[in-house]
Amino acid sequence: MSDAHLFDWALALSLLVTTLLLLGGTSFLRTAVLFIAFGLLMSLVWIRLLAPDIALAEAAIGAAITGVLLIDSLRHMEWKQPRDRGSRTRSAKTRWAGWAASGSALALLLILLSTLPEIVSPRAGLADLAHAHMEKVEHPVTAVLLIFRSFDTLLELGILLLTVLGMLAVREEQQLDSKSLRPPNDLMLEMLVRILVPLSVCIAGYTLWLGTFSSGGAFQAGVILSGAGVLLWLSGHRSIEAIPHGGWFALVLVGFGAFVLAGIVTVFWQDHALQLPSEHQYLIVLGLEAAAAISVGAGLTALFVGLHPRHFKTPPSSA
Amino acid sequence: MSLAFLRDALTVTLSLAGAIFFLAGTLGLLRFPDTCTRLHAVTKADNLGLGFIVLGLLLQSESAFGAGKLVLIWLLALLASATGCYLLGRWALRHQQEEDRP
């Protein structure tokens, strides 16, 4: 067995062990930390599959953003005594719902597995496309993702939009406020924000541009932008309030809107939806990806902030 | 002994040094009794461990641009680690009484 194989087996095993610990965990904090570890291991798996784009996205979203979201939620719950999840009694109805959900998930998985031979067996169009791309990339997973890149981004943006809408629904139902945090009036933190936020925007732009020929792209750039947004929010920086309520909606919608518009236009002028014209393709792709990056950045930040701080009970103090 | 071999050997040595710092930092994080000592351990891993690994990788980088990016990563990690450590330390100091309680 070669060293690379040994590493792969160790990685797969630690991924499984982390999952088991994660599912069997009794405290929320422990589970959140294990989830972050799971995200990091998963990104290593993507690197081994020679898909650095997905590895980047997995590390940034699966580990970083989701991790911070989970831990921030815990802070708002019972930070001091994590509730014992194991001893919580479940009602019969919840238990039945759980079984039903697991059953349907299993059925779905079986259906998906049964279609696997069809996907693997070469079909004319897709196989040619994949082979054409295989000259540039080495792994089939990456090749297929490259082919369906526009669809991929469109669906990702749709999911993000749904998540933001779900968050808004919960927020309205529970009548939650998201008060902006009091600025900690701290020189060190202020300095960190002043250096990191502009630098993050630059790095996001660089990642977006990188995506046109190498690893990177809209989602990665968007996550870096949202990192800057979350830092602004958590450090109580006032500039996050500068965007009005409607502005947040516009920013979250612009990416999905641009892709849907491109889809509709290309249906009429091209062979199929989202097939971009070969002239000006570079500019069109860059424009679409920039819109997507802005939406991803705004969307993930909105999940954190609760779209927009609604009540200003405390007047902005001079920081 | 060729120059390439010497460079590779130096990279391996520096990366190992970095790995040792990461291992020690993790051990300290798990075993040390309170927040401040744990911070002390874990920031050594961030600063020196990553520093050694970046130094080792610098020898292997093909372009000045790639090398610059590596150094930038290290500088950013230093900045974030130092500020994070300071913020956690300050929080720990303010909540000393709560923490001292068994």
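Reminder, nothing fancy here: chain letters follow the sequence lines and each chain counts from 1. In what follows, every heavy atom counts, from backbone to side chain, and hydrogens, waters and symmetry copies are set aside.
A 6.0 Å sphere centred on CG of A:Leu187 holds no more than 12 heavy atoms belonging to other residues, nucleotides or ligands.
Applying a 4.5 Å heavy-atom cutoff, the residues of residues 57-85 of chain B that approach chain A are B:Phe65, B:Lys69, B:Leu76, B:Leu79, B:Ala80, B:Ala82, B:Thr83.
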Decide yes or no on side-chain contact (heavy atoms from CB on, under 4.5 Å) for A:Leu192 and B:Leu87, but give the supporting numbers first. CA-CA 11 Å; A:Leu192 185 78; B:Leu87 288 171; 5.6 Å; no
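Neither the backbone nor the side chain of A:Leu231 comes within contact range of chain B; no heavy atoms are under 4.5 Å apart.
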